*Asks:* 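Would you mind keeping the following structure in view while I ask a few things?
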Amino acid sequence: MTADLRTYLAHVELPNPVLTASGCGGTGRELAQFSDVHRLGAFVTRSITMAPRAGRPTPRMAETPSGLLNAVGLQGPGVEAFLERELPWLAERGARTVVSIGGGTVAEYTALARRLAGAEGITAVEINLSCPNVEDRGRVFARDGSAAAEVVASVRAATPYEVPVIAKLSPDVADIVAVARACVDGGADALAMINTPVGMSIDVDTMRPALAAGTGGLSGPAIRPLAVRCVWQVHAALPGVPIVGMGGVTTGRDALELVLAGACAVAVGTALFHDPYACPRVLRELEELLEERGFDRLADAVGLAHRPAGAQPLSRSDLEESSL
Amino acid sequence: MAGSPVQVTGTVLTTRRVDAYHALTVVAPGIADRFRPGHFVTVAVGGRNSSMLTRRAFTIHDVKPDYGGTVELVFAVRGPGTAWLADLRARDTLDMVGPLGRPFPLPRDPCTCVLVGDEHGAAPLFALGDALQQRGCRIDFVLGASSADRVFGALRARRMGETTTLTTEDGSLGMRGTVTDVLPGVIADARADVVYACGPMETLRGVTAVAVEFDIPVQVAVEESMACGIGVCMTCVVPVIGDDGVTRMVRACTEGPVFRGERVRFDDVGTIPFDALGAPGGRHA
Ligand SMILES: Cc1cc2nc3c(=O)[nH]c(=O)nc-3n(C[C@H](O)[C@H](O)[C@H](O)COP(=O)(O)OP(=O)(O)OC[C@H]3O[C@@H](n4cnc5c(N)ncnc54)[C@H](O)[C@@H]3O)c2cc1C
Ligand SMILES: Cc1cc2nc3c(=O)[nH]c(=O)nc-3n(C[C@H](O)[C@H](O)[C@H](O)COP(=O)(O)O)c2cc1C
Ligand code: FES
């Protein structure tokens with residue numbers, strides 16, 4: 001008996017719930033040297049910007065305990081080169097591609113969505129809201145529910161109706177539920193969380209910040225409890241909204257933790273740097289854990305940790321005995 | 001590139017100390033088979049459930065056919081990752097991915113090559129020297145370090161090279177100074193056609209300047225901080241001028257680590273040059 005691992009991002013079916021996290025899987029070609037990109041639940045691209053971007057100066061990364069600080073700065077070739085060279089390759093390989101977009105203004109996000117609208121092979125659009133809003137003195141969109149909602153609404157309007165729009169949230173907010181709700185009200189079909197919280201590390205030998213940019217995004221197992229908390233809170237408040245959970249997933253156990261908190265899919269980021277086979281491995285481990293616990297379907301585990309204390313854990317025999 | 005990289009759980013065959021360095025020989029058939037001089041591997045450090053998430057990169061020093069194929073790394077302890085590696089013993093396992101990166105290109109016709117290695121940068125030069133000699137090339141070594149115990153491979157260089165020049169900054173071995181100081185003399189005496197170099201950025205900058213002065217090609221293997229080694233994290237970038245004359249921030253792990261020296265903008269490493277593709281406010285933005 002193998003568990004049914006299919007999952008849905010709004011109406012779009014994915015064969016399994018394990019995705020790459022934006023900015024962590026390169027163009028897809030690099031990972032394809034190790035395992036097929038079409039076996040992923042979906043491949044999520046790095047955040048694509050309108051113009052080419054050189055990113056931040058080096059050093060761009062610093063290792064911290066069970067974590068990684070990065071300040072890559074959305075280096076990428078720009079949307080035209082992406083559409084010409086990267087998306088067609090992914091489509092040819094049969095990958096389901098979620099295109100992440102990043103911009104500095106609502107107009108830029110909208111223009112990106114319009115530019116992508118005609119392209120073949122896009123499974124969903126993910127809005128990276130952790131970009132500084134140049135019209136609001138660099139305040140990150142994800143920190144401001146109304147700015148985030150405005151981006152979501154205009155991207156939703158510019159994107160074909162059959163392509164779901166996912167809003168990716170930052171944990172660096174006072175009330176993540178409020179931002180999540182604003183995004184859903186703005187038209188987001190699904191939510192992804194968490195993007196990297198901002199951190200910093202200082203080299204005590206040079207006595208300077210370890211990253212050239214000063215601060216950077218923290219990822220890896222160090223942030224997993226933060227991710228679990230965010231997914232938990234948002235799922236509790238908006239139980240009908242599909243959530244792609246991420247933050248420190250390195251094993252099937254970690255994926256299951258996010259699923260139990262309310263995620264219907266999980267993305268693997270930093271773990272790919274350590275183990276290029278992380279996605280198929282996490283999937284296999286998740287499947288085993290679900291089977292061990294008697295689940296026939298992944299969907300039955302989503303949000304299960306929210307059941308009242310004292311309720312019996314769901315098992316297959318319970319299901320067979322139940323009148324359902 | 002000879003095929004794609006693989007991930008293997010290698011078994012440590014031997015460990016030994018070579019002056020200031022540790023040498024680790026690991027049984028890793030899939031990697032040894034595909035090796036070309038200049039390739040590197042990455043290793044996971046800290047064991048299962050390690051809190052060290054980034055892989056550590058090491059040049060492949062040597063491969064041998066024993067036990068289906070072994071890979072030898074040479075490293076100095078620098079931080080917690082290399083300290084963990086230095087504690088490995090025979091029969092321990094090591095998670096290794098490789099071979100990675102663009103290896104040293106070899107000349108088509110026999111010529112005279114100067115091989116420059118600073119500190120552990122000497123590690124890849126012997127396999128390179130072998131490959132060059134098999135093509136009928138003459139090789140001359142210039143090896144340097146801060147002190148005598150950090151000059152790697154002097155004996156082997158003396159056996160292989162037409163000439164070997166050693167430098168130390170404290171004068172404890174060879175000439176006092178740096179590899180860059182002695183390089184012009186070595187190039188002139190050997191009438192060298194090409195220079196290969198591996199070492200810290202600052203050394204590669206100096207070596208490239210000398211080669212440019214002599215108007216001969218120079219291939220450098222750069223060492224930039226890396227998190228993944230396979231091209232997905234974008235942390236290892238250096239400003240490099242492309243065939244089209246445009247500077248791009250390219251990944252040292254996949255487009256490199258070997259570059260034509262004159263294409264690397266050493267003065268701008270650690271910055272985004274204003275004229276790089278996609279630089280903030282730059283002309284290509
Ligand atoms: C292509 C390549 C080949 C290399 N070959 C060798 C070799 O043959 N012998 C050798 O002794 N060293 C080599 N290095 C350097 C080696 O990778 C670092 O010494 C090692 O990563 C330090 O790890 P640590 O945990 O001991 O130190 P820490 O300083 O604690 O490392 C912390 C983090 O910084 C990164 N880092 C630190 N220094 C470097 C560096 N110089 N280069 C890349 N990443 C770094 C580590 O990967 C890690 O993520 C090479 C580096 C590269 C990029
Ligand atoms: C090097 C690096 C680059 C990233 N680039 C992006 C990006 O372009 N867009 C984005 O939305 N998130 C980006 N992220 C965030 C990840 O997608 C993910 O949200 C975060 O790293 C948490 O997951 P993890 O702990 O599994 O890495 C990046 C993360 C890292 C480490
Ligand atoms: S080390 Fe990750 S892209 Fe080069």
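Just so it is clear: chains get the letters A, B, ... in the order the sequence lines come, proteins before strands, and each one is counted from 1. A quick note: this is a predicted structure, and the numbers were derived from the prediction, not measured.
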*Asks:* On a heavy-atom basis, which atom in B/G68 and which in B/D33 lie closest, and how many Å separate them?
*Replies:* O-OD1, 4.1 Å
*Asks:* Let's test your reading of the structure: which of A/G25, A/G76, A/G269 forms the most heavy-atom pairs below 4.5 Å with chain B?
*Replies:* A/G25
*Asks:* Which bit of B/R248 comes within less than 4.5 Å of chain A, counting heavy atoms only: side chain, backbone, both or neither?
*Replies:* neither
*Asks:* Under 4.5 Å, heavy atom to heavy atom: which of residues 260-268 of chain B reach chain A? Give them by number, or say none.
*Replies:* none
*Asks:* Is a donor on one side and an acceptor on the other found under 3.5 Å between the side chain of B/E119 and the backbone of B/S146?
*Replies:* yes
*Asks:* Who among B/L53, B/T42, B/V6 has the most heavy-atom pairs with chain A under 4.5 Å?
*Replies:* B/L53
*Asks:* Are A/E86 and A/R29 ion-paired here, with the side-chain N under 4.0 Å from a carboxylate O?
*Replies:* no
*Asks:* Give a yes or no on whether a salt bridge exists between B/D19 and B/R150, defined as a side-chain N under 4.0 angstrom from a carboxylate O.
*Replies:* no
*Asks:* Look at the side chain of A/R46 and the backbone N and O of B/V232, then say whether any donor-acceptor pair between them is shorter than 3.5 Å.
*Replies:* no
*Asks:* Please report the C-alpha distance between A/H38 and A/F43 in whole Å, then the side-chain angles of each, then the deciding distance to 0.1 Å, and finally whether the ring pair (Phe, Tyr, Trp, His ring centres under 6.0 Å) criterion is met.
*Replies:* CA-CA 8 Å; A/H38 76 260; A/F43 177 81; over 10 Å; no
*Asks:* Looking at chain A, which one of B/T271, B/V238, B/V237, B/D95 has the largest number of heavy-atom pairs inside 4.5 Å, strictly under?
*Replies:* B/V237
*Asks:* Between A/R93 and A/D36, is there a side-chain N and carboxylate O pair less than 4.0 Å apart?
*Replies:* no
*Asks:* Taking the side chain as every heavy atom from C-beta outward, state whether B/I31 and B/V8 have any pair of such atoms under 4.5 Å apart.
*Replies:* yes
*Asks:* Mind listing the closest non-hydrogen atom pair of A/I48 and A/F82 along with its distance?
*Replies:* CD1-CD1, 3.5 Å
*Asks:* Spell out, as yes or no, whether a donor-acceptor pair under 3.5 Å connects the side chain of B/T82 to the backbone of B/R78.
*Replies:* yes
*Asks:* For B/V97, which atoms come within 4.5 Å of any heavy atom of chain A: side chain, backbone, both, or neither?
*Replies:* side chain
*Asks:* Mark yes or no for whether B/R102, through its side chain, and B/G256, through its backbone, hold a donor-acceptor pair below 3.5 Å.
*Replies:* no
*Asks:* Quick test of your reading of the model: are B/R55 and A/D275 salt-bridged, counting only N-O distances below 4.0 Å?
*Replies:* no
*Asks:* What residues of residues 54-73 of chain A sit under 4.5 Å from chain B when only non-hydrogen atoms are counted?
*Replies:* A/A54, A/G55, A/R56, A/P57, A/T58, A/R60, A/M61, A/E63, A/T64, A/P65, A/S66, A/G67, A/L68, A/V72
*Asks:* Before accepting this row, confirm whether a basic side-chain N of the pair A/E257/A/R224 lies closer than 4.0 Å to the acidic partner's carboxylate O.
*Replies:* yes
*Asks:* Please rank A/H274, A/M50, A/E30 by heavy-atom pairs under 4.5 Å with chain B and give me the top one.
*Replies:* A/H274
*Asks:* Please state whether the side chain, the backbone, both or neither of B/T54 comes within less than 4.5 Å of a heavy atom of chain A.
*Replies:* both
